[in-house]
Amino acid sequence: MEIGIEVNLVSKDKSQKTVFLKETIDTDDIVSFRHWHKGEKDSDVEGDMTLVLLKPKPWDKEPNSTKRLYLQESYSSFVLRMRSNGVILK
């Protein structure tokens with residue numbers, strides 16, 4: 001059974017303004033995640049950010065590389081949500 005977790009993605013629109021998108025990702029697709037240290041491009045994002053690496057999908061433009069997602073959520077909060085969804089973290 002696949003477990004999905006809802007996240008707030010940090011992205012840029014065509015005019016390079018920061019936008020936040022709600023999406024559900026499968027926890028089985030997550031390769032790794034860690035705290036993201038914000039740079040100049042992320043300075044307008046309030047709060048902490050987390051970097052999530054996902055397994056590539058067959059239809060991705062680059063099917064051999066991991067996909068990066070930037071979340072508007074602290075690392076510790078994301079870990080707690082993963083654990084509450086029954087995901088065992090090492």
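For the numbers below, each heavy atom of this structure counts, side chains included, while hydrogens, waters and symmetry mates do not.
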message: Could you check whether any side-chain heavy atom of F78 comes within less than 4.5 Å of a side-chain heavy atom of V52, counting everything from C-beta outward?
response: yes

field: Beyond-backbone contact of D48 with K38, side-chain heavy atoms, under 4.5 angstrom
entry: no

query: Measuring from R81:CZ to S76:OG, what's the distance to the nearest 0.5 Å?
result: 11.5 Å

- line: Output for pair (K57 NZ, D26 CG), nearest 0.5 Å, gives 5.5 Å

- request: Treat each ILVMFWY residue as a node, draw an edge where side-chain heavy atoms are under 4.5 Å apart, and state whether L69 and M49 are in one component.
  value: no

field: Side-chain touch V45/Y70, heavy atoms, less than 4.5 angstrom
entry: no

message: Test side-chain contact (heavy atoms from CB on, under 4.5 Å) on L71 and L9; report intermediate values, then the result.
response: CA-CA 5 Å; L71 308 182; L9 302 179; 3.5 Å; yes

- request: Would you indicate whether E62, at its atom CD, is surrounded by more than 12 heavy atoms from other residues, nucleotides or ligands within a distance under 6.0 Å?
  value: no

message: For residues 11-20, which residue pairs pass the salt bridge (Lys or Arg N to Asp or Glu O under 4.0 Å) check, not counting sequence neighbours?
response: none

message: Is it the case that the side chain of S77 and the backbone of S74 share a donor-acceptor pair, with hydrogens and angles ignored and the cut-off at 3.5 Å?
response: no

- prompt: Considering only heavy atoms from C-beta outward, does the side chain of K41 approach that of T18 to under 4.5 Å?
  reply: no

query: If two hydrophobic side chains count as joined below 4.5 Å and joins carry through other members, does V31 share a cluster with I25?
result: no

message: Nearest 0.5 Å, please: how far is OG in S32 from CZ in R68?
response: 10.5 Å

message: In the structure I gave you, are the side-chain heavy atoms of T66 and L54 within less than 4.5 Å of one another anywhere?
response: no

- prompt: Roughly how far, to the nearest 0.5 Å, is NZ of K61 from NZ of K67?
  reply: 11.0 Å

message: Do V10 and F20 make a side-chain contact, defined as non-hydrogen atoms from C-beta onward lying under 4.5 Å apart?
response: yes

message: If I compare all heavy atoms of P56 with all of S65, which pair ends up nearest, and what's the gap?
response: CB-O, 3.3 Å

field: Cluster overlap L21 with I30, hydrophobic side-chain contacts below 4.5 Å
entry: yes

query: Taking only residues two or more places apart in sequence or in another chain, which ones pass side-chain contact (heavy atoms from CB on, under 4.5 Å) with K22?
result: E6, N8

- request: Check whether I5 and F33 end up in the same hydrophobic cluster, where Ile, Leu, Val, Met, Phe, Trp and Tyr are linked by side-chain heavy atoms less than 4.5 Å apart.
  value: yes

message: I'd like to know whether R34 forms a side-chain contact (heavy atoms from CB on, under 4.5 Å) with T50, so could you lay out the CA-CA distance, the side-chain angles of the two residues, the decisive distance to 0.1 Å, and finally the verdict.
response: CA-CA 6 Å; R34 67 171 178 81; T50 299; over 6 Å; no

